[in-house]
Each structure stands twice: as structure tokens, then as C-alpha cells.
There are 2 protein chains.
Amino acid sequence: MKFSERVRALQSSPVRRLLPYAEEARAKGKKIYPLNIGQPDIVTPPSFLEAIRGFSQDVIAYATSQGNNDLRDAMSGYYKNFNIPFEREDIIVTNGGSEALMFAFMAMCDPGDEVLIPEPFYANYNAFAGSVNVKVRPITTKAEEGFHLPPREEIEALVTPKTRGVLVANPGNPTGTIYTRDEMDMLASLALKHDLFIVADEVYREFVYDGLQYTSFGHLPEIADRVIIVDSVSKRYSACGARIGCIACRNRDFMAQVLKLAQGRLCVPTLEQVGATALYSTPKSYLEEVNKEYQSRRNTLYKALKEMPGVVCAEPKGAFYVMVKLPVDDAEKFIIWMLQNFDVNGETMMASAGEGFYATPGLGKQEFRLAYVLNNEDLLKAMNILKVGLEAYPGRVEAAVAR
Amino acid sequence: MKFSERVRALQSSPVRRLLPYAEEARAKGKKIYPLNIGQPDIVTPPSFLEAIRGFSQDVIAYATSQGNNDLRDAMSGYYKNFNIPFEREDIIVTNGGSEALMFAFMAMCDPGDEVLIPEPFYANYNAFAGSVNVKVRPITTKAEEGFHLPPREEIEALVTPKTRGVLVANPGNPTGTIYTRDEMDMLASLALKHDLFIVADEVYREFVYDGLQYTSFGHLPEIADRVIIVDSVSKRYSACGARIGCIACRNRDFMAQVLKLAQGRLCVPTLEQVGATALYSTPKSYLEEVNKEYQSRRNTLYKALKEMPGVVCAEPKGAFYVMVKLPVDDAEKFIIWMLQNFDVNGETMMASAGEGFYATPGLGKQEFRLAYVLNNEDLLKAMNILKVGLEAYPGRVEAAVAR
């Protein structure tokens, strides 16, 4: 039997494919600081489990394909608080941000159509695009420039008759970059000129540091009919395992297309929707405290990285990741070596290899992504392990090579 | 902005698209017997909610992409009890049977590749196939023949160089048909000859009546490496809203492809997996009682239908649906008329229009699907309403026209 080319061409997840090495190391008794995956250690608001425990219907029945109205109303209220004018009808609940992205790709693009994405980007964008034959055209951004966008002409040169949209994560994963209002206006103007959608992955909307002004793509009225927001409770409320997200757009014709996809898979789990509805009543102070905690972790991590010889990285301004250029021959080899051959008093650390976050072949080979999802004390230990590991690694090179 | 052709071409769900008419009727105070959707009224085993209520971790974290090992082991145990030799490694947990079908289509087929499916079939197969550009080639079956398969030559004539597999639901939805061992051997022989996968949607495996012998495609060792089982707890344990299913296959290379898709969407909800694991410990007596109840409902429904002049249907032998040919001009018009213009003492009934279950244009226009998911008393009331409605309907024709 033949397997499909589209799936054979998919890389396995750079975040998850090194897990067997970690399991092996753990089996040998090593302790690992897992900075590879965006799984926060922050406690989920207890209202999630409380609401689910209170669920008392005898039959665990299908929900509506759009999602529970209670949840959609809660989401609508959340957006309005953020000055994003989404009504219930503008929102379809999805299985995490993942399904929202799949729906967006399928509803915008036929096979062979193209989407522009600033790279490095969340690696699973490749999986979503590839599995439905959407072509990713990367807009390359650089650590040295804080991963901000290149000039307009450079982006415009990538637009072809097959381009259907631009997908941007803001705040960025894996970069931690927050786009300026000027960058957003530039993208909006390009979208209007070339009749493109803007898919805005804003799952880290609350994770913005240093008092920086944050603009959502939902704030730009001139492109309201072409902005598709992809969202999730996973990071906001540290509820990654709930798998509740949404796709939201004020273009009702577009949402009618998405609804057909939502009807196909029937619905999102009934109980998780009950829990997620409760999450949206979490007091603002929770998010503020979480923000403060991550900002402090960011400071810890960035300070430690800056002190390591040969390491290059931009200070992340949002989300909870940092892309780091290392003085090594190959970042993936280095990660595996750290798991297999290295420890400090029985402890080591883990990251995600950088190449999987780029679409352009060859880029990211010296980079890895760190997720600062551990407390400051553990982060300091992990950074010390990294520092000593970099010194001891046989594949060390003089300094991170400029691309 | 353009919407994609693939999604624009999707029909809205025939099971769900008439819901607005039902809502309108309910708003006017009508009571509706909902035989349109396979949402059983059977109580979900309480172990599901109990297990979830007992979940006490502080962080609702991601699960592994394959699914929890506890759940995969429970599923493996279930299959082995059924003499289907699936190990944990042969199973990936999915968001209901729906996602399992999507994964199967994507991993087997590139755009333009074809899958043979006996029609009438579960309408969402069209949505799954269409959204990833897989072409459905229908194998037409007929009510008069109990929706059994046509001769081998007729099926073989549909195979082209682009055919990648055959998708069969057994027991059938919407037909209630159970394939004979001869039919299954014929499909197995075709699959071997033409190097095809067999995707077996067996979510109604326990819903087989009249003491009929049931064979799973997992029971045929000669095609073990090309059988992909699609499964779900939805119907088996009346837990449709849990959205837990699986894709299972003994071809490890194939499962490695599916794993890439599973990694892309990260995981299935953590809590639902805890609940579903408990479901697999449900005593066999639960399934036996459910089977008895549905068999009794089937008897009630079939007897009433046979007594209606001009109505044609085959006695369903499994699942909980029946496809009914009606003496009407257009079954969808009839359903809408029943909701808008008809009632017996303030009560009416609802079905799903037949056309959406066929891929061949024009077929199914006089048919609708009934789901016998209500108790016998309610079914009798619904059948009386149908009988009187058919007599009163202005678009009544002499008898169901043979196709």
C-alpha cells in the first residue's frame, strides 16, 4: 500500500521527536529540566475542575458544532473587554488552537495555494499546512533584528497569484517578538492591496512584558472582514490538556464555510466546554500574576544566556519562549548529547531543535528554542547545566555563525 | 478574499442543517421527536464522570500525542476480548471516530486519490474526504437488497490507478446492514489484488441483532497489515460528547505516518481520556442490555414502517438507523413540512434527509434516515405522527419510486 506523499513529507514534531532520548535518560536516573515544550507549571484555575465536577447530566451528549453558547458568550465577553468586537456568531469553538489553524488553512486554501509565514514559526504550522497541501512561503526574520519583519518590499516580493493569506503569531512562538503597530499596519495594507486574509495566532495575547503596548489584529477595523483570530485557553489559563480553542472572524460568509468543517467533526467535548466557560470568569489578577511570574523568568533566562560566550539571542518581549543561537555544529546533536552523554550531578536539560521552526532549508541548524515554563530556581539550574554543557560539548564551534 | 473551492463544495450536514426548522417549531411550542441524529438517550456508565471527578492534578497538562497508555491498554484489552489482536502500539487515541477518519484519509491519499465507499454512507464521510481533496467513488447499494454489496465485478470496475482504499461501515450507518463473511472476504481479496487499504468504521460493533454472526475486519489475518479500524466510545458507551475514539492498525509503518498527524494537533483532552479509560471497564452486561433495548426499538420501528402504505425499507440488522423510502416528492421538503406545517396534538417528528447520504447525484431524494434512539413509547408516537403526516402531506406520490 502507498502512504500519501503529503504525510510522508511531514517532519515529526521538533518539540516531541526527541522525547525518546529524554525517556531513556530518565530511565537511567537522570533528572531533566524540560525546556523543550510549552507546558507551563502554573496551576490551572480550580474553577475548571470545579465546573466539570458539577456537571450532572446522565448522558454525555453531543454539543452543537459551533460550541456551547455559554462558552461562546464568555469568549465574546472576553474579546469585548479587550476591545475586540466579536459577537457569539463570530466565534466557533475548536479542539485547541490546532483545529482552528486547520480550519483556517482548509477554508482559505485549495491544494497548492500559499500562505506567507514569518519564520522561525511554531513548528506545527508545517504539519497543518502540509497535511492539507497548503504551501508555506517563509518570510525570514533574524535573531539579530529581534525577529521583527523585513521591509515591505521583501514581503511583497513573496506574494504570488496563489497567495491566500499571511499567518502571524503575535506574541511570537518561538521568538517572543511583539509586532509594532507599524508592522501590523504594513501587513494590513498588504492584505488589502493583494486581497489576503490575515490569520492571527494570538494565544499568548496576555504574555506581553516590559509594559509594551500590544495591538491585536482584531483592533484594526479596516481589515475586520479579513482577520481570522486563532485562540486557545491552553496558555492563558494553563489548561493545555483541555484542548479548547476557537476560530473567530467577523466575516460571516467565511464563518459559514468554517461551520461546515465544524459540523463534519460534530463537536468539541462537552465537559471541556463546561470547564472552559468557567475559566473565562477567572479574575484579571490571575493573568496579571502569571504575567509577572513569566516576566521574572524571562529576566532570569535572558540574563543567564547573555553571559554565555558565543550565544546570540534577542530579548523576548512576549510569550514564554526564546530562540537561541548556539556556538555548536548542530543544535539537535547538541540536545541529544546533553541527554545521552552529559549531566551535572545527575541533572541535565532539554530544548527543542531550531531547524523544525524554519521552512527555509538550512536555517536554524545552530539554534534551539527554550520554553521558560519552570520556576526561577530551576531555570537557573538549567542555565548552569547549559553553560557547562556548551563548554564540554565536543562539537563546539568558535561562536554562533551569522546566517 | 477567496474561500477555498474544497470547502465551498461541501454540503452542510444533512443531520444538522435542518435544526433551525426544529428550533423554530420548538419556539412555537411544538414537541419534536428527534429521530434525525444518532444521539442515544441511554445513560452513560457513571464510571465516566466518577473517574473525571477523581482527577486531582493541579495542572491540566498536555497528554502524549498517541494517547494515554492506560487508555490504549484498555482499548487493546477490549480488542483482544473481541479476538482482534491489537497491541497498545497499534492504537492512537483520536478526537472521536471523526478525527480517526480524517487521519486515515490524509495518510492514505494525496489530493485527487480515490476511496471506494458503499452508498448510502455516513454523510460526514463526504466532509472528511472533500476537505482534504479525496475523491469518493460510491458503490451503490439498494434498500431492496438490504443494502448488501453488488457483485465483485461491479466493485472492481470502480477501481482506478488512483484508488487507495475502501471505506466500509460495518454495522452500517445509515443502513443498519451487517456484511456477510462472503462479502468481507470478497473485499479482502479485492484489497489484496489491487493493493488497497480497508478502512473499517466499526463504531457500532456491539449493535448487532437477531443473534447474527458478526465479523470484524480485524479478524482477517491475511489483510491485517492493510486494515485500518476506526472506532469510538460514542455509541458503545453512549458517550458521544466525550469525543474519544481511535485509529488502530497493525501496520506499524502506517501508524508512524499517523503519529505525525497526531503530533501536529498535540493531544486529545486529558480528562476525557481518564473518563474513557474507565468506560472500558464497563461490565459486559451493560452492552448486552443496551443491545436488547435497541433490538426491541428496531422491532417497534420496523413493524410500524412496514404497515405504512407506500413505504419501502429493509429490516436493519445492526447499528440504530434505518433508511426509509417514502411515497413523497422530496424527503427533505417533507421533513421541513412536518416541522413547519404539521402536528398531532402539538407533536411532530424529525428525520435526516436521504440525499446527503449518497454521493451519486439524484439518489436518496425520496429517502430519509431514522435513528431509533428514543424509547419504544416515544417511537410509537413518532411513527403514528409519521403515518398521519404522510397521509396529509401535499407532495405525496403514489408509492416510493424504484430508482
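Just so it is clear, the model here is predicted, and its values are computed rather than measured. Convention: sequence-line order gives letters A, B, ...; per-chain numbering from 1. No hydrogens, no waters, no symmetry mates; every other heavy atom, side chains included, goes into these values.
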Task: Distance (rounded to the nearest 0.5 Å) between B/Leu259 CG and A/Leu10 CG - done: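 One gets 11.0 Å once the value is rounded to the nearest 0.5 Å.
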Report which part of [X] has an atom under 4.5 Å of a heavy atom belonging to chain B: side chain, backbone, both, or neither.
X        : value
A/Ile42  : backbone
A/Ala63  : backbone
A/Pro40  : backbone
A/Phe103 : neither
A/Ser4   : both
A/Phe254 : both
A/Asp225 : both
A/Leu101 : neither
A/Leu271 : both
A/Val233 : neither

Which heavy atom of [X] sits nearest to which heavy atom of [Y], and what is that distance?
X        : Y        : answer
A/Gly264 : B/Ser98  : O-OG, 4.1 Å
B/Tyr62  : A/Ile37  : CD1-CD1, 4.4 Å
A/Val59  : B/Ser238 : CG1-OG, 3.9 Å
A/Ala242 : B/Ile60  : N-CG2, 3.8 Å
A/Leu261 : B/Ser131 : CD2-CB, 3.5 Å

With respect to chain B, which residue among [options] yields the maximal number of heavy-atom pairs within a distance under 4.5 Å?
options                              : result
A/Ala61, A/Ser234, A/Ala239          : A/Ala61
A/Gln11, A/Arg164, A/Gln57           : A/Arg164
A/Phe197, A/Phe55, A/Phe48, A/Tyr125 : A/Phe197

Open item on the list: Given heavy-atom pairs under 4.5 angstrom as the criterion, report whether the side chain, backbone, both or neither of B/Leu196 touches chain A.
Closed with: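 Contact with chain A: backbone only.
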Open item on the list: Heavy-atom cut-off 4.5 Å, strictly under: side chain, backbone, both or neither for B/Asn133 against chain A?
Closed with: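 Side chain only.
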TODO: Hey, could you give me each pair passing side chain to side chain donor-acceptor pair (under 3.5 Å) that has a residue in residues 249-268 of chain B? Not counting sequence neighbours.
DONE: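 Every pair satisfying side chain to side chain donor-acceptor pair (under 3.5 Å) with a residue in residues 249-268 of chain B: B/Asp90-B/Arg252, B/Glu99-B/Arg265, B/Gln257-B/Lys260.
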Open item on the list: Among B/Thr270, B/Val268, B/Leu266, B/Asn95, exactly one meets side-chain contact (heavy atoms from CB on, under 4.5 Å) together with A/Arg243. Which residue is that?
Closed with: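 The passing option is B/Leu266.
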Open item on the list: Is the shortest side-chain heavy-atom distance between A/Arg6 and B/Val132 below 4.5 Å?
Closed with: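 The answer is yes, as the side chains (C-beta and beyond) meet within the 4.5 Å cut-off.
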Open item on the list: Counting C-beta onward and ignoring hydrogens, is there a side-chain heavy-atom pair between B/Asp110 and A/Lys2 closer than 4.5 Å?
Closed with: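 B/Asp110 vs A/Lys2: side chains apart.
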Best-contacting candidate, [options], against chain A by heavy atom pairs under 4.5 angstrom:
options                                : result
B/Ala123, B/Cys267, B/Gly112, B/Cys240 : B/Cys240
B/His194, B/Met1, B/Glu272             : B/Met1
B/Val43, B/Asp41, B/Ile52, B/Val258    : B/Val43
B/Tyr237, B/Phe128, B/Phe3             : B/Phe3
B/Ala127, B/Pro111, B/Pro46            : B/Pro111

